[in-house]
Amino acid sequence: MSNAAGGTPSSARILIASLVGTAVEFYDFYIYATAASLVFGPLFFPVASPSAQLMAAYGSFGIAFLARPLGSIVFGHFGDRIGRKSTLVASLLLMGGSTVLIGLLPTYDSIGWLAPFLLCVLRFGQGFGLGGEWGGAVLLAVENAPPSHRARYGMFPQIGAPVGFIAANGLFLLLGEFLTPAQFQDWGWRLPFLGSAVLVLLGLWVRLKLTETPAFAKALEQGPPPAVPLAEVARDFPRQTLGGTFAAIACFALFYLATAFALGYGTTTLGYSRTAFLGVQLGAILFLAVGIIAAGWWADLASPRRVLMAGCVMTALVGLALAPMMASGSLTVVGLFLCLALLVMGFVYGPLGAWLPSLFPARVRYTGTSMTFNLGGILGGGIAPVLAQSLAQSGGLPYVGAYLAGAALISLAALYPLRGRPGAVAVETPGP
């Protein structure tokens with residue numbers, strides 16, 4: 001397998017596999033976030049207050065963040081013991097299957113309390129699958145990367161995020177254009193979930209053609225895999241696990257405030273139409289891709305940690321801009337804020353693909369990388385829409401902005417003492 005920096009067919013296939021897989025997974029994840037903001041409240045949680053419906057829907061959204069660390073433990077265990085390829089295929093099947101079943105799920109009017117219960121179970125399945133997806137896709141990229149291109153290789157799974165978001169919200173936008181609100185509420189929302197089956201098949205076709213990464217093969221040559229990777233991570237790398245977890249908080253908080261919370265708040269409290277706001281978000285997400293690419297190049301020239309720290313400072317400034325721009329009364333100004341927020345998000349998200357794996361040796365890297373990323377997801381993203389909605393109702397948007405700035409400062413403080421080692425992904429290993 002060639003790792004030439006110029007990009008051989010095998011290199012291209014690796015990068016496409018890491019991007020396509022995460023695009024499929026994030027598509028599945030985002031269509032739930034969008035549906036939770038738009039329709040799941042009245043369909044699965046029929047309570048008197050629309051605001052309470054939205055809060056309940058956001059609560060079901062957060063279940064996946066609780067499942068993700070569990071998924072990272074299970075998939076990390078097998079990813080460190082039997083290999084990256086098989087584990088990535090399994091994670092894709094689990095999340096894709098859960099998504100398709102959500103599209104077939106009866107609502108509360110048909111089966112009563114069983115409907116929200118099954119919705120939460122399937123949401124758990126989505127999160128469990130995604131818990132093993134991101135870490136494996138990142139390792140697939142960076143463990144095949146030449147030393148001078150690790151951040152740029154590591155940004156390809158990250159680009160799957162805006163690609164999946166564009167596919168998800170673009171489809172919801174088209175449905176909004178061609179269906180009446182009643183049709184969308186009745187059956188139209190199901191189509192993006194059912195359409196996930198096609199995307200999963202595409203992801204499987206690409207990933208089944210892969211081989212194991214050189215770093216994993218070398219780790220097996222040096223000794224047997226760990227019996228319990230999680231135990232080794234907890235025993236030998238507690239500082240890296242804790243620091244990596246808190247370093248990931250800023251990217252999750254920023255993203256879900258600029259997407260799920262903004263969509264729900266914009267289409268309810270601010271009174272913008274769903275179609276108009278989705279269109280604005282669809283344009284803004286392109287800036288996330290730009291930010292990820294710029295951060296990847298910068299991180300190879302400087303270091304992923306340095307870029308992440310700069311991104312945290314920028315995120316705190318975005319928090320200060322949130323209230324005046326979101327409450328401006330102009331959808332154009334709101335759109336500019338979303339563009340700014342998602343551009344900055346690229347700088348606290350893109351370099352994670354190269355930085356987090358550098359904290360752990362190959363023998364436990366799948367577990368360590370997945371655990372830190374997904375625990376950060378709980379702290380930064382799992383409660384973000386619910387907490388932001390509550391803060392907005394009780395104190396207004398300035399409180400939401402302060403929450404975002406606080407998350408950025410926490411990540412900045414976590415990054416400061418964790419200096420990565422050059423070559424740590426390819427040449428073993430950073431010490432505990």
Side-chain angles (χ1 to χ4, degrees), residues 21-22 25 62-95 124-143 154 157 212-213 215-249 252 352-382 414 417-418 420-421 424-425 428-432:
T22 52
E25 299 284 357
I63 288 173
F65 289 93
L66 300 177
R68 284 169 67 158
L70 298 177
S72 70
I73 292 171
V74 173
F75 286 109
H77 177 88
F78 291 105
D80 284 328
R81 287 187 55 80
I82 66 175
R84 313 325 192 194
K85 175 184 172 179
S86 300
T87 307
L88 280 170
V89 168
S91 69
L92 189 66
L93 284 172
L94 176 60
M95 185 165 180
F124 185 92
Q126 278 192 317
F128 197 88
L130 186 58
E133 165 59 31
W134 184 86
V138 162
L139 297 190
L140 179 66
V142 299
E143 288 186 345
E212 284 301 339
T213 69
F216 179 75
K218 184 177 180 180
L220 290 182
E221 291 174 0
Q222 293 174 342
V228 184
L230 177 62
E232 189 166 317
V233 168
R235 182 186 69 237
D236 296 338
F237 302 96
R239 182 171 63 89
Q240 287 86 342
T241 301
L242 189 63
T245 294
F246 283 97
I249 286 177
F252 283 100
L352 286 176
W355 183 70
L356 286 177
S358 73
L359 301 178
F360 304 95
R363 59 184 279 110
V364 294
R365 186 174 292 145
Y366 203 132
T367 299
T369 300
S370 298
M371 279 289 294
T372 53
F373 185 75
N374 289 294
L375 286 173
I378 289 181
L379 299 176
L418 286 176
R421 293 187 179 185
V425 173
E428 308 308 324
T429 62

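Any value given below was found using the heavy atoms of this structure, including those in side chains, with hydrogens, waters and symmetry copies removed. Numbering of residues begins at 1 and proceeds along the displayed sequence.
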With sequence neighbours left out, which residue pairs that include part of residues 72-81 fulfil the salt bridge (charged side-chain N to carboxylate O under 4.0 Å, His left out) condition?
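As it turns out, the salt bridge (charged side-chain N to carboxylate O under 4.0 Å, His left out) pairs with a partner in residues 72-81, which skip direct neighbours, are Asp80-Arg84.
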Compare every heavy atom of [Y] with every heavy atom of [X], then report the nearest pair and how far apart it is.
X: Phe75; Y: Thr87; answer: O-CG2, 3.2 Å
X: Ala414; Y: Pro417; answer: O-CD, 3.3 Å
X: Pro229; Y: Thr367; answer: CB-OG1, 3.4 Å
X: Ala67; Y: Gly127; answer: CB-C, 3.9 Å
X: Glu133; Y: Leu88; answer: O-CD2, 3.6 Å

Among Leu139, Leu140, Val138, find the residue that satisfies the side chain to side chain contact (heavy atoms under 4.5 Å, CB included) test when tested with Pro157.
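Result: among Leu139, Leu140, Val138, Val138 is the only option passing the side chain to side chain contact (heavy atoms under 4.5 Å, CB included) with Pro157.
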Once rounded to the nearest 0.5 Å, what's the spacing between atom [atom1] of [X] and atom [atom2] of [Y]?
X: Ile82; Y: Phe216; atom1: CD1; atom2: CZ; result: 8.0 Å
X: Trp134; Y: Leu130; atom1: CH2; atom2: CG; result: 10.5 Å
X: Phe252; Y: Leu352; atom1: CZ; atom2: CG; result: 8.0 Å
X: Phe360; Y: Thr241; atom1: CZ; atom2: OG1; result: 4.0 Å

A side-chain contact here means heavy atoms from C-beta on lying under 4.5 Å apart; do Arg363 and Glu232 qualify?
yes
Student check: side-chain heavy atoms of Leu418 and Trp355 closer than 4.5 Å
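Yes; the side chains approach each other to less than 4.5 Å.
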Would you sort out whether Ile63 and Gln126 count as a side-chain contact (heavy atoms from CB on, under 4.5 Å), showing the intermediate values?
CA-CA 9 Å; Ile63 288 173; Gln126 278 192 317; over 6 Å; no
Show me the side-chain donor-acceptor pairs of residues 371-379 shorter than 3.5 Å, one per line, residues at least two apart or across chains.
from: Thr372; atom 1: OG1; to: Gly368; atom 2: O; distance (Å): 3.1
from: Thr372; atom 1: OG1; to: Thr369; atom 2: O; distance (Å): 3.0
from: Asn374; atom 1: OD1; to: Arg68; atom 2: NE; distance (Å): 2.7
from: Asn374; atom 1: OD1; to: Arg68; atom 2: NH2; distance (Å): 3.3
from: Asn374; atom 1: ND2; to: Gly131; atom 2: O; distance (Å): 3.1
from: Asn374; atom 1: ND2; to: Ser370; atom 2: O; distance (Å): 2.7

Would you sort out whether Tyr366 and Phe78 count as a ring pair (Phe, Tyr, Trp, His ring centres under 6.0 Å), showing the intermediate values?
CA-CA 9 Å; Tyr366 203 132; Phe78 291 105; over 10 Å; no
